[in-house]
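Quantities reported herein were computed from a predicted structural model and do not represent experimental measurements. Sequence lines set the chain letters: A, B, ... in the order given, protein chains first and strands last, and positions in each chain run from 1.
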Amino acid sequence: MLEYIHKIREIAADLLEKKEVEMVIGFRKGTVPMMNEPTFVNRPEDITALAWDSHCGINLANYLPNRKERIAIIAKGCDSRNIVTHIIENKIQREQLVIIGVPCKGMVDRQLIMNRSEGEVLKALEDDDNIIVRGHGFEKRFRKTEVLQKNCEICIHRNPILYDKLVADKVEEKADMDRYEDIRPIETMDPKEKLDFFDKILESCIRCYACRNACPLCYCPTCFVDEHRPQWVGKSQDSTDIRIFHFLRAYHCAGRCTDCGACERACPVGIPVRLLTKKLEKDCLELFQWEAGMTIDIRPPLDTYKPGDSDNFIK
Amino acid sequence: MAPVMKFIRIDKENWERDLQKLRRSFRLIGPVKADQDCLFKTLGEGEFPDFNFLNTRLSLKSLVLPQSENMFEYSLDQSREDCHILKEVKRNPTQCVVFGIRPCDAFAFLLVKPNFDTPEHEDPYWKQAYGAITLVGLACDTPCSTCFCTSAGCGPYHEEGLDVLLVPADDHYLAKAITEKGKHLLKAVDWDTETAPGVAEKEIEARRLAAEKRITSFISTDHLKEKVTIDLYDAPFWEDVAFSCINCGICTYVCPTCWCFDIQDETRGKSGRRMRNWDSCMYPLFTLHASGHNPRGMKIQRVRQRFMHKLKYYVDKYNNGIQCVGCGRCIRLCPVNIDIRRVGELMNNYKPIA
Ligand code: SF4
Ligand code: SF4
Ligand code: SF4
Ligand code: SF4
């Protein structure tokens with residue numbers, strides 16, 4: 001995946017030189033190991049600032065809403081699906097965008113690697129299949145497939161859905177996998193068990209809203225938790241308020257979430273917030289045969305009505 | 001000058017027994033291994049601080065400034081005489097001893113003090129809570145690569161802010177009382193085995209220098225004071241700095257020196273409480289006026305505020321260095337890799353185009 005960068009830079013420089021776009025949104029090399037920073041480049045001479053490796057898990061679609069420029073954006077499978085969602089929801093116009101598609105081989109879970117290393121990771125290198133980390137007195141090699149982000153491990157749309165350029169041949173998609181292994185046991189819990197389970201996973205939430213703010217779907221001018229006239233949700237560490245924030249946010253993502261994992265990746269205390277959004281993703285798949293971000297031609301199930309919809313209450 | 005305090009030797013074999021003794025009169029707080037991290041928590045019966053950790057993700061500021069704290073209670077019941085009367089929540093903070101706080105985190109309390117406890121203004125909640133803790137700091141021999149305390153006014157063996165400095169050695173600890181509180185604590189456990197004059201001092205001095213050498217990352221601050229505020233404010237680099245920011249609360253919530261809070265009333269039935277909760281300059285609601293106008297309505301303004309406050313306004317106002325102890329948490333935890341060292345560099349080196 002490292003070699004993608006040459007092609008990315010070539011395409012991006014060309015677009016800037018020909019003035020087809022005013023800016024390119026991508027990543028620059030991070031200041032700490034296993035991190036890259038979303039950035040933009042607007043001059044061809046700065047193109048070498050762009051970087052690409054297995055630590056580009058942030059969803060760049062998050063940087064599009066309401067921008068007015070003509071933009072080239074680097075998009076993995078999930079980013080492209082969130083771009084589709086933005087287009088449908090009118091947060092950006094298709095004509096504004098040149099989508100530089102990246103057939104993705106999965107992003108790695110930085111926290112997992114840190115947890116499995118014998119000390120602080122001071123340097124991380126990678127080749128096609130491995131991540132090699134070094135620290136004081138140790139070197140450790142991980143197969144990428146062992147340390148993928150949880151969502152990447154079960155991703156079935158690694159190739160961009162919507163793109164104008166592709167930086168490499170498409171990769172093979174994974175098939176025949178149970179994406180909802182972790183959801184099924186929760187579904188079978190009784191209400192009390194569910195409540196306890198959710199309280200347990202949300203116990204250490206500090207309400208920093210990084211999960212929300214890292215999510216491309218959460219672009220509301222004022223989020224419901226920030227409404228204050230009237231105020232709907234309390235602002236303290238009260239567990240009911242924390243729960244409401246998470247549950248409602250998840251519902252707002254129903255039929256829109258691409259399981260890009262940006263929310264979970266951003267969380268400073270390791271809360272598995274995707275468990276909530278995945279349940280709704282599963283429901284949308286089962287009830288409406290719907291996967292978010294696969295086409296710009298069909299409105300998502302939650303903002304349309306079809307006579308064949310499974311729920312009877314509306315008929 | 002205060003008299004130079006002696007180093008006291010505490011044998012590790014008696015450590016648990018001694019802590020047990022201390023437990024009778026104090027609540028003990030210390031680092032404990034959790035799933036992915038080490039957390040500071042109250043040590044239960046049979047629990048002892050685990051000193052084998054890099055710095056914790058969350059700072060210890062919540063000990064003194066809890067994320068949510070009740071200040072007043074009131075009744076809305078018209079039939080009661082005290083209806084609508086705010087009553088201060090009685091607090092009687094238990095005396096507690098924190099073992100293993102890093103020198104940077106302890107120093108942070110001194111940086112925030114001018115905001116909570118001055119001759120003119122006093123925040124009773126903060127002051128009481130701060131008064132009730134005794135900080136036994138762990139000399140820091142294992143800094144992270146993102147720690148830059150030595151260029152942020154403190155360091156791995158920094159004493160200011162601590163009550164006791166604790167330095168682990170092979171089969172013992174060396175402890176030095178820094179404050180009266182610290183002395184009192186050592187006395188309470190009968191930790192009084194003085195080391196031979198000069199020896200421990202020399203050893204600690206050498207270890208301090210070695211530890212300081214292990215700090216490999218820095219922030220540049222030497223020109224901040226002379227910069228013209230409005231020049232920095234108008235600098236063109238903010239657009240680049242702010243681009244990736246998602247305006248979450250991580251950097252401010254994990255920061256030991258971020259002190260902002262928001263006051264809220266919550267009622268339920270006929271009773272209510274007035275409380276304060278952490279707030280963050282990264283949030284759009286932070287500066288929203290009642291009129292609907294928001295002087296920091298855009299992300300770029302909020303990002304600029306965080307850095308200007310820490311690296312310029314604080315510097316100018318208190319003449320006390322930057323509002324940052326270099327713990328590196330915001331760097332390690334920012335989900336999009338915004339790095340205060342990089343921003344400090346930009347600010348410190350900035351020259352406006354004439
Ligand atoms: S909810 Fe999480 S997984 Fe879903 S689109 Fe948002 S950031 Fe991605
Ligand atoms: S990112 Fe994590 S800690 Fe922050 S609000 Fe979301 S779940 Fe809570
Ligand atoms: S600097 Fe980083 S941690 Fe702070 S608000 Fe921005 S994205 Fe969040
Ligand atoms: S600004 Fe960052 S490095 Fe400085 S004290 Fe706060 S969290 Fe630590």
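Neither the backbone nor the side chain of B:Ser280 comes within contact range of chain A, judged by heavy atoms closer than 4.5 Å. With a threshold of 4.5 angstrom between heavy atoms, B:Leu39 does not approach chain A through any atom at all. If you measure heavy-atom distances from A:Asn42 to chain B, you find no contacts under 4.5 Å at all. Of the atoms belonging to A:Asn62, it is side-chain heavy atoms, and not backbone ones, that fall under 4.5 Å from chain B. Looking at B:Glu69, there are no atoms closer than 4.5 Å to chain A (heavy atoms on both sides), in backbone or side chain. Of the atoms belonging to A:Met34, not a single heavy atom falls under 4.5 Å from chain B. For chain B, the nearby part of A:His228 is the side chain; its heavy atoms alone come within less than 4.5 Å.
Proximity of a side-chain donor or acceptor of A:Arg229 to a complementary backbone N or O of B:Ala290 within less than 3.5 Å is detected. With B:Asn337 contributing its side chain and A:Thr31 its backbone, the two residues share a donor-acceptor pair below 3.5 Å. The backbone N or O of A:Gly234 sits nowhere less than 3.5 Å from a side-chain atom of B:Gln264 that would complete a donor-acceptor pair. Using modelled atom types, no side-chain atom of B:Tyr253 and backbone atom of A:Ile206 make a donor-acceptor pair closer than 3.5 Å.
Between chain A and the options B:Leu54, B:Ile338, B:Asp240, B:Asn247, the largest number of non-hydrogen pairs under 4.5 Å is found for B:Asp240. Put simply, of A:Thr222, A:Leu60, A:Asp226, the one with the most heavy-atom pairs under 4.5 Å next to chain B is A:Asp226.
Within residues 326-336 of chain B, the residues that have a heavy atom under 4.5 Å from a heavy atom of chain A are B:Ile331, B:Arg332, B:Leu333, B:Cys334, B:Pro335, B:Val336, listed by number. Contacts from residues 64-76 of chain A to chain B, taken as heavy-atom pairs separated by less than 4.5 Å, involve A:Arg67 in sequence order. Applying a 4.5 Å heavy-atom cutoff, the residues of residues 116-125 of chain A that approach chain B are A:Glu120, A:Leu122.
Under the 4.5 Å side-chain criterion, counting only non-hydrogen atoms from C-beta, A:Arg207 is not in contact with B:Ser68. Between A:Tyr63 and B:Ser244 there is a side-chain heavy-atom pair separated by less than 4.5 Å. Residues B:Arg57 and A:Pro268 fail the side-chain proximity criterion, which asks for heavy atoms closer than 4.5 Å.
For the pair B:Tyr283 and A:Cys208, the tightest heavy-atom approach, listed with the atom from each and the gap, is OH-O, 3.3 Å. The minimum heavy-atom distance linking A:Ala266 with B:Ile250 is given by the pair O-CD1, 3.4 Å. The minimum heavy-atom distance between A:Pro38 and B:Phe243, with the atom names listed, is O-CD2, 3.8 Å.
Applying the salt bridge (Lys or Arg N to Asp or Glu O under 4.0 Å) rule to B:Asp339 yields the partners B:Arg341; only residues at least two apart in sequence or on another chain are considered.
Residues A:Asp238 and B:Arg268 are not paired through a salt bridge, judged by the lack of any N-O separation under 4.0 Å between the basic side chain and the carboxylate.
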